[in-house]
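Shown next, in structure tokens, is the structure this report addresses.
Because only heavy atoms are used, hydrogens play no part in the values below, and waters and symmetry mates are left out as well, while side chains stay in.
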Amino acid sequence: MYQKFETTPFSSFRQQYFNNLRDQSCLLPALEELCGGWTQETLKSILQKLTKKNQAPLPLFFDSSQAMDSISNKKQALATVFQQLDSRGIGRIDATELFSVMLLLSTGEISQIFYNIAVIFGSDKTNHITSDEFFFFIDCLFRGISKVLICKGENKPIGLNKRLNDQDINKFMQQIFKGQQKVNKDELYASVKQSQQLFEFIEYISTSMQASMEYTRQQSLLMMKITMEVKKLMAQMLAQIDGTAKK
């Protein structure tokens, strides 16, 4: 039997994650490998490829890691991410969960991230994002982070298959949209700041994700440097041995 989502209040999400993510590396390692070095522009170019330059809608799901090849050529990382996001064992993953997480981990200012949220999750035909569209993003985001974030004292995600309850999302929508149906895409950042708890939570998660990505990048560069130094040292030693043998 497939596992069901556990509907969870915002207070529980906040208690589990806010100021409680693992230091240095708080993301699923395969996701860090998959998205290493990404900026907001990198993500936008990948999504452009997936939509054939906006000629097709973004996929709502992937039914295999092979179906994700347009995202990256890192096949093992894709397979691991697919397996982790398919935490209910249904043989497919929700692509919007993945995209919402990718938006927050790709390097960029928080204002730029909110603008890109509005562009990607809002209607292409208008300069607005509606409350329904942002409701959908928040639902996707909270489902996504429950599968990829690692808390202090843990070595893997432990909050699998949780989703934010409708009552709390609706409360946030009222604070952000003030009874209106939509806001301009370039005004979403300022509007979300009116919902202080939600804004602080998203900003903390995004900042922590980006720091995790940068830490992993620096560690990879360090390992490359060490490997090069070891190879150089080995070459010098072999040259010395070869020179001694010739004498």
Side-chain angles (χ1 to χ4, degrees), residues 1-10 12-17 21-22 25-36 38 43 46-52 56-106 117 120-122 132-151 154-170 172-173 201-202 205-206 209 212-213:
M1 180 179 293
Y2 299 143
Q3 296 184 38
K4 295 182 178 180
F5 280 105
E6 176 188 346
T7 302
T8 306
F10 177 73
S12 295
F13 270 101
R14 184 180 173 87
Q15 182 178 14
Q16 180 170 353
Y17 295 113
L21 293 179
R22 191 170 69 174
S25 183
C26 66
L27 276 166
L28 186 72
L31 190 60
E32 292 178 332
E33 180 185 352
L34 180 65
C35 305
W38 283 18
L43 177 59
I46 290 169
L47 297 181
Q48 283 278 306
K49 187 191 302 183
L50 285 169
T51 61
K52 297 178 173 59
L58 277 172
L60 296 177
F61 68 89
F62 296 113
D63 57 10
S64 69
S65 61
Q66 291 76 22
M68 302 163 66
D69 282 350
S70 294
I71 294 176
S72 173
N73 60 4
K74 299 176 180 178
K75 296 187 183 300
Q76 186 55 54
L78 286 171
T80 304
V81 168
F82 181 88
Q83 182 180 22
Q84 178 69 18
L85 291 183
D86 184 24
S87 54
R88 296 195 296 147
I90 60 177
R92 67 175 184 272
I93 66 171
D94 188 325
T96 55
E97 291 178 6
L98 180 60
F99 298 148
S100 63
V101 168
M102 287 175 166
L103 273 161
L104 265 62
L105 65 80
S106 298
I117 290 169
I120 293 166
F121 281 81
D132 287 343
E133 289 165 343
F134 194 60
F135 184 112
F136 179 61
F137 166 76
I138 293 298
D139 181 40
C140 297
L141 175 65
F142 278 76
R143 283 186 276 121
I145 63 174
S146 76
K147 299 176 181 180
V148 301
L149 288 179
I150 304 174
C151 295
E154 305 293 339
N155 57 15
K156 62 181 181 180
I158 60 171
L160 300 180
N161 301 322
K162 290 185 177 180
R163 73 186 311 165
L164 187 57
N165 65 31
D166 288 355
Q167 294 89 338
D168 281 336
I169 302 181
N170 278 320
F172 293 140
M173 295 306 105
F201 184 83
I202 293 176
I205 296 298
S206 180
M209 284 181 172
S212 182
M213 297 293 293

To the closest 0.5 Å, what do you measure between [atom1] ([X]) and [atom2] ([Y])?
X: Leu85; Y: Thr80; atom1: CG; atom2: OG1; result: 11.0 Å
X: Asp132; Y: Met173; atom1: CG; atom2: CE; result: 9.5 Å
X: Leu21; Y: Ile205; atom1: CG; atom2: CD1; result: 4.5 Å

[X]: what forms a ring-ring contact (aromatic ring centres under 6.0 Å, His included) with it, not counting sequence neighbours?
X: Phe99; answer: none
X: Phe62; answer: none
X: Tyr17; answer: none

Under the side chain to side chain donor-acceptor pair (under 3.5 Å) rule, collect the residues that match up with [X], sequence neighbours excluded.
X: Gln48; answer: Asn54
X: Arg143; answer: Asp94, Glu97, Asp139
X: Ser25; answer: Glu32

Using side-chain heavy atoms (C-beta onward) and a distance below 4.5 Å, is Met102 in contact with Ile46?
no
Walk me through it: do Phe137 and Phe134 pass the test ring pair (Phe, Tyr, Trp, His ring centres under 6.0 Å)?
CA-CA 5 Å; Phe137 166 76; Phe134 194 60; 5.7 Å; yes
Would Phe142 and Phe201 count as a close aromatic pair, with their ring centres under 6.0 Å?
yes
